[in-house]
Every structure is written in C-alpha cells, then in structure tokens.
Amino acid sequence: MCGRDSAPVRGVCRGARYGVAMRSRRSCLAVPGSSPRFLEKAQGLAVDEVFLDLEDSVAPLAKEEARGNIVAALREGDWSGRVRVVRVNDLSTQWTYRDVIEVVEGAGAFLDCLMLPKVEDAGQVAWLDTLLTQIERTCGLPVGRIGIEAQIESARGLVNVDAIAAASPRLETLVFGPADFMASINMRTLVVGEQPPGYTEGDAYHYILMRILMAARAYGLQAIDGPYLAIKDLDGYRRVAARSAALGFDGKWVLHPTQIEAANEVFSPSQADYDRAELILDAYGYYTTVERRGAVMLGDEMIDEASRKMALVVAAKGRAAGLPRTTAFTPPTA
Ligand code: GLV
Ligand code: MG
C-alpha cells in the first residue's frame, strides 16, 4: 500500500533538495505514537514541528500498533502549518526497517521528515537515505523529498558528527538528545538538561552543544536542542532553552503543551531585533547598489558586509517565525 492519493506535498525546491533549511522549528512537540488521544490532541497545538514517536515513548509491545496509529494520524489529521516528522527506532533494534517501510508506504506523501535516533556514524544515515529512495521509487513519490533529522545522543555520535552531518542531502537537522547522551558519557546526574551536581564552573553542555552546532552550520543544517524533562518547571525550561538559543540553535523539543509558548518565544528574535535586521538589509542594499558605498552609517552604527550577514540570520528567523515588519527603510533624499 503506497499512501499517495491526493496528498499535499510540502516544501519548495532549493538546489538539489526539496528544501527547507529555513523551516521554522522553534518548538518540536513529541507525541507518543501509541496514544490516539495524544495524536488527536497534538493537532490543535501551536508548535512548529510535531514528531510522532515510535521510539522511547512507546513500549516494545505497543510498537506495531503505534505504526498504524501514526499512519492514520498523518493521513487523516490536520497538521497544516507544521513540519510533520516521525521518529523511528534506532538501528540497534529489530524495528527500524519495518518502521520506515510501514510509515513511508502508508503515509509518505503526508510526511516531511523521518527522525533517526542514536545515530552513531554516517553509514546509518546513508542506510536510511537508500531505503527511503527505494520506497519513494516503488510508491511513485518524488525521490528525495522526505528529509532526515539525525539525533546525536552518544559519545560515538558526537565524535562522528561531522561525517554524519555530511552523510546525505536529505539531512535537515542535527538534534541533541541530552538524556541518552548523559547516560552515554556517564554524566553524574539524573536531571535531564541540568548541570551535574558538583560541577560548579561553566556549563557542562557547552562543548556538546557547540560541537553539534558547528557540524550543523558547516553543512547547512538546523541545530535543535532536545527535551527538558521537568515539565512543571517552566523557569528551568526557559533558562535551558535560552542557553542553546543564545549559541544559535534553532529550536527545542517540547514534551508538554505548557512548554510551547516559551519555546516559540525564546527561539524567535525580538520584534526590535527583527525590525533592525530588515532595516540593515534594506539600507545596505540601497547604499551598495544605488550609492556604491561598502560601509555606511545607519543611525549610530556603521554597517558593512559582515553586518548584512548577521542581519540575514536574524531576518530569516523572524520571517520563518512569521513576525510582522513594523518599520521601513526610507532612502535619503538628495
Ligand atoms: C532524547 O531522545 C534524549 O535522549 O534526550
Ligand atoms: Mg534519546
């Protein structure tokens, strides 16, 4: 059974890929595939991405049924405006290949990406790319449209992160998985995302976050921060989200509706920064082309080519988040 009929195809072509590097992913909601109630409820929530889970939130004996729930939810549900992702099981299990085949044959046209957890090396991403290509060909789906999100959640995955990031043109994001990662390196804490007790200087996650971010940016991917498990501690969520947002991460998982607003807010530029970024782009465009000057004053600040690049980043995030523009550039009168 190939799930094609009358399916909306999302995304537009960018280069070799149906692309989407700038899909907004400020808030990525985890939804257990074993729960038809949560699959239904998730459709009303204001998140940028939903990922329907077949992995750790689904018990081994519920995995088969969860595949069917997910196919039905993708085909029949209203996910408009959201990036639709399914997380399959990792490649050390016996479930991965059937997860991919059943979900993509059943609802491939209603799906934007598959998330592969616990990625350890580039070969695992290449395996998924090849399998997707075969299913897309068999089902008459456009080859290459379904993207891949790779979770980095072990020491081995981090050591190989550059090769993983380069492993397939389908890759859209690298996703930090703090819970599995902390277990993998024997970090001495049980509170996911918080500093390990006894570590009093600096941030125990700084290296990991930066390493993932560097690989993501080097290969044009988005970088996504993983879950914060203390769902009642919104201040804690905000604090931890602000940390990765400040470095440049594009979004963070949300495990509960109460975390959504914080994620959307923390990973959007402020209105003032967005307006300023658009102003810099317009002003720089005017001065470099009409007046042929490379460095000019905009208010009290000198702007040049580097300012344009920084402004592009903020403007792209603001546009992806749907922020309105509240100021306009007026060229000087002669
Ligand atoms: C997510 O998958 C995590 O392990 O934190
Ligand atoms: Mg994990």
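Order of listing sets the numbers, starting from 1, for every ligand and every atom in it. Along the sequence shown, residues carry numbers from 1.
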| request: Kindly determine whether Arg23 and Asp112 satisfy salt bridge (Lys or Arg N to Asp or Glu O under 4.0 Å), including the steps that lead there. | output: CA-CA 11 Å; Arg23 277 173 165 157; Asp112 298 306; 3.3 Å; yes
| query | CZ of Arg293: more than 12 outside heavy atoms within 6.0 angstrom? | reply | yes
| Could you walk me through whether Lys63 and Glu55 pass the salt bridge (Lys or Arg N to Asp or Glu O under 4.0 Å) check? | CA-CA 8 Å; Lys63 303 243 186 226; Glu55 204 220 15; over 6 Å; no
| message | Quick check on Pro117 - does any of its heavy atoms sit under 4.0 Å from an atom of ligand 1? | response | no
| message | Would Lys118 and Phe181 count as a cation-pi pair here, with the cationic atom under 6.0 angstrom from the ring centre and within 45° of the axis? | response | no
| Heteroatom distance test (Glu55, ligand 1): nitrogen or oxygen, under 3.5 angstrom | no
| task | Indicate if the distance from the Mg ion (ligand 2) to the nearest N, O or S atom of Glu55 falls below 2.8 Å. | result | no
| Proximal atoms of ligand 1 relative to Gln151 (non-hydrogen, under 4.0 Å) | 1 (C), 2 (O)
| query | Does the Asp53 side chain pair with the main chain of Ser57, one donor and one acceptor, at a distance under 3.5 Å? | reply | yes
| message | Would you say the Mg ion (ligand 2) has Asp56 as a near neighbour, meaning an N/O/S atom of that residue under 2.8 Å away? | response | no
| said: Would you say that Phe176 contacts Trp253 through its side chain, given a criterion of any heavy-atom pair below 4.5 Å between the two side chains? | reply: no
| Arg87 touching ligand 1 at heavy-atom level, < 4.0 angstrom | yes
| message | Give the atom numbers and elements of ligand 1 that come within less than 4.0 Å of a heavy atom of Trp253. | response | 1 (C), 2 (O)
| Nearest to the Mg ion (ligand 2) - the N/O/S atom of Glu153, by atom name | OE1
| message | Tell me if the CD atom of Glu64 is crowded by more than 12 foreign heavy atoms within 6.0 Å. | response | no
| query | In ligand 1, which numbered atoms sit nearer than 4.0 Å to a non-hydrogen atom of Pro178? | reply | 3 (C), 5 (O)
| remark: Quick note on ligand 1: atoms under 4.0 Å from a heavy atom of Ala179 include exactly 3 (C), 4 (O), 5 (O)
| query | Does Phe176 come within less than 4.0 Å of ligand 1, judged by its heavy atoms? | reply | no
| task | Determine which of the N, O or S atoms in Asp180 is closest to the Mg ion (ligand 2) and give its atom name. | result | OD2
| Ring geometry between Tyr228 and Tyr237 (parallel below 30°, tilted from 30 to 60°, perpendicular above 60°) | perpendicular
